[in-house]
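First the proteins, then the strands, lettered A, B, ... as listed; each starts at 1.
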Amino acid sequence: MSTLEVIPEMLGINEPWTESGGVRWLSSGALSVRSIAQTMNAVRARFITITAYQLPKDEGLKLEYHWDLMGELMGFTFQLQGKSIDSIYDLCEAADWIEREIHEEYEVDFVGREYEPLLLREGDTLGVNLREIGAPTKPVSGLTGQEEVKK
Amino acid sequence: MSYKIPMGPYHPALEEPYKLDLICEGETVKDAKLHIGFNFRGIEHLAETRNYIQVIALMERVCGICSNIHTLTLCQAMEGLTGLTPPPRAKYIRTIMAELERLHSHVLWAGIAAKLMGFKTMFMTCFELREQVMDVLQAISGNRVNYSMNRIGGVNRDIEDPAAILKMVEVLEAEMARTVIPIFTTSSTAKSRCAGVGVLTTEKARSCGVVGPVARASGLGQDLRRAAPYAAYEEMDFDVPVQPAGDVTARLLVRALEIMESCKIIRQALEKLPPGEINTGDDKFKFITGTCTSRVEAPRGEVMYSVSWREGSRNPARVHVRTPTYAIMPAIRYMVMGARLADTPLIQASIDPCYSCTDR
C-alpha cells in the first residue's frame, strides 16, 4: 500500500480519496484539523496553503487545507460553524503566515494562537473582514468599469 | 546586551519594501522578526471583478520577474474548468517560455548575488547574459516583462525562429561553464562569503514548507516538473540538482546547475517542437461550477492557484495564489540566527525573494 492509501486508515476514514479539480480530496467529516495536521506530519507531507472562501449569502466561510505528498496534491475542506477553527501553527510552522493572513482578511479566529504584530496591517485593528470593507463600489457615474468601456 | 537593528522597509541592502528587525548581540544576529504587507495589493480580491480575459492580464502582474508562470498556472486552472486541452505545440511553447523565464530569473539572481559579494565584474557579466535571454523573450512575445503568451486553451504567439533561441542557449551555457560556475565555486571571496553562511537544515526546511531551489539546496529533492509534470515536461529528460549543505553556496550551486538543466530542456523542446495549432481557437468560454487547482514550478519554487467559478459567470468567484516567496520568506529568520550582521543582506538575497509576489 502506498502512503497515500494509508492516510484514510490513519485518520479513521472509511471513504477513499476522490479526485476533483486537480486535487485528491478526503472527506474531513467530524475530524479536527489538528488530527489531520498530525497525520500529515507523520507521513512527512508538505503543507502548502489554506484557501478561504466567503460563501454566498449567510452560508459562512469555508477553508480548504492543502498538503503535498511526493507530488500528489491533497485537500481537506472545513465548513466553519461561526468564525473559528483550531490553529495548526504549533504543529505546522508553515501555516503561520497564511493563518495570520486569513485572520486579517476574513476575521477567522484560529483558536490557540496570537496574531500580533499583524502580518499585513501592522498596528491596525485585529481581525476585520477586508472583503466586506473593501467591496468594490460603483463609480459616481453609476456604471461599472465594463459598462463605461462599452459606453 | 542585545540591541535591535531595523533593516527596511527602504534600505540600501534591501531595495524592496520588506522589513527585518534584527536582534543582535555584538555583531551576531540572535533572532529576527519579519514584516511584510507594505505594498499589499489585494490582487486576489481584485480578480473577482475581472472577466476571464482581464483576469489573465491582472495575474500576470503578480510578479515582475516570473509573470509568465502566473498566467500559465492560472490558464491551466481555467482550462480545467472549461474542459479545454491545449494542442501539443502550445504545451511545448509553454515549456520553452517557462524555461526562458527561469534562465533570466536565475541569471539575474546570480548577478545580484555577485554584487552583494563584491564581484562587480561578475554582476556585469551576468546582466549581459540575462540581456540576451530578455532579447529572445522579446523576439518571441514582443514584450520584455509581461509577455502575454498564455491564454485559455494554448498560447498567443508561435516560436518562429528556434535558431535564435538555440544560439542564445549555446552562448549562455558556454559562459556559465567558463566563467560563472567556476568563479562561484572556486574563488576564495565567494567561498568566504557563502560557505557555511545562512544555513537552513533539511529538517527546518521541511517544517517551514520551503520550496524551489531553497528547498533543493537544503537536501529536499522536490520539483513539480518531475513530481507532477505539466505542459510538456513529461517528455523532457533533465536532472533535478540537489545539494545537502543548506548554505548560501548550496543555493548558488543549485541555481547555477538549474541554468544548465534549463538549457538542456529548451534544446530538447525546440528539437521536438511538434507542428500544428498553438491554441484551440476558442474566444468564448463556458465555465463549469467548481474549483480547479493548478501548480507550476516557478524559478523560485512552487506556485499554486485555486480558481473557483460559478457557471454562467464571466468573472471568477475566487482566485487564491500561493507564491513561492510567501512559503520561503519565514525561513529567513532561521537562516540569519547566529549569522554575522554583515552577512544578512546576502543571506536574504540567497532565497531570491520576490516582494511583489509576497505582497500580491
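- Of the atoms belonging to Ile50(A), it is backbone heavy atoms, and not side-chain ones, that fall under 4.5 Å from chain B.
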(request) For the pair Glu105(A) and Phe40(B), evaluate side-chain contact (heavy atoms from CB on, under 4.5 Å) and give the outcome as yes or no after the intermediate values. (result) CA-CA 12 Å; Glu105(A) 289 179 349; Phe40(B) 191 75; 3.2 Å; yes

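- Put simply, of Gly80(B), Gly290(B), Ser207(B), the one with the most heavy-atom pairs under 4.5 Å next to chain A is Ser207(B).
- Using a 4.0 Å cut-off between charged side-chain N and carboxylate O, Glu101(A) and Arg360(B) make a salt bridge.
- Of the two parts of Lys204(B), only the side chain, counted from C-beta on, holds a non-hydrogen atom closer than 4.5 Å to a non-hydrogen atom of chain A.
- Within 6.0 Å of the CD atom in Glu234(B), the count of heavy atoms belonging to other residues, nucleotides or ligands does not exceed 12.
- Although no hydrogens or angles enter the test, the distance criterion places no donor-acceptor pair under 3.5 Å between the side chain of Tyr53(A) and the main chain of Ala317(B).
- Nearest approach of Arg318(B) to Ala52(A), heavy atoms of both residues: NE-O, 2.5 Å.
- Nearest approach of Trp97(A) to Ile36(B), heavy atoms of both residues: CZ3-CD1, 3.6 Å.
- Around CD of Glu59(A), the count of heavy atoms belonging to other residues, nucleotides or ligands within 6.0 Å exceeds 12.
- Minimum heavy-atom separation, Gly71(A) to Ala227(B): CA-CB, 3.8 Å.
- By the neighbour-count criterion of 12 heavy atoms within 6.0 Å, atom OH of Tyr326(B) is densely surrounded, having more than that number from other residues, nucleotides or ligands.
- Looking at Val211(B), only its side chain comes within 4.5 Å of chain A, counting heavy atoms on both sides.
- When the candidates Cys208(B), Ala331(B), Pro330(B), Ala228(B) are compared by the number of heavy-atom contacts under 4.5 Å with chain A, Pro330(B) comes out ahead.
- Using a 4.5 Å cut-off between heavy atoms, Thr323(B) makes no contact with chain A at all.
- In this structure Leu46(B) satisfies the side chain to side chain contact (heavy atoms under 4.5 Å, CB included) test together with Thr49(B), Arg50(B), Leu58(B), sequence neighbours excluded.
- With a 4.5 Å cut-off on non-hydrogen atoms, Leu34(B) touches chain A through its side chain but not through its backbone.
- Neither the backbone nor the side chain of Phe38(B) comes within contact range of chain A; no heavy atoms are under 4.5 Å apart.
- Applying the side chain to side chain contact (heavy atoms under 4.5 Å, CB included) rule to Glu5(A) yields the partners Met1(A), Ser2(A); only residues at least two apart in sequence or on another chain are considered.
- Open room surrounds NZ on Lys286(B); 12 or fewer heavy atoms of other groups in view lie less than 6.0 Å from it.
- Heavy-atom distances place no part of Arg226(B) under 4.5 Å from chain A, backbone and side chain included.
- Interface check for chain A: of the options Lys33(B), Glu44(B), Gln222(B), Gln76(B), the most heavy-atom pairs under 4.5 Å are formed by Gln222(B).
- Ser294(B) does not touch chain A: none of its heavy atoms, backbone or side chain, sits under 4.5 Å away.
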(message) The test is side-chain contact (heavy atoms from CB on, under 4.5 Å); show your working for Arg295(B) and Asp68(A) and say whether it passes.
(response) CA-CA 11 Å; Arg295(B) 293 188 295 164; Asp68(A) 172 281; 2.6 Å; yes

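- With respect to Arg44(A) and Glu203(B), a salt bridge is recorded, a charged nitrogen being found less than 4.0 Å from a carboxylate O.
- Salt bridge status for Glu302(B) with Arg46(A): present, with a side-chain N to carboxylate O gap under 4.0 Å.
- With hydrogens and angles ignored, the 3.5 Å screen pairs no side-chain donor or acceptor of Arg322(B) with any backbone N or O of Thr51(A).
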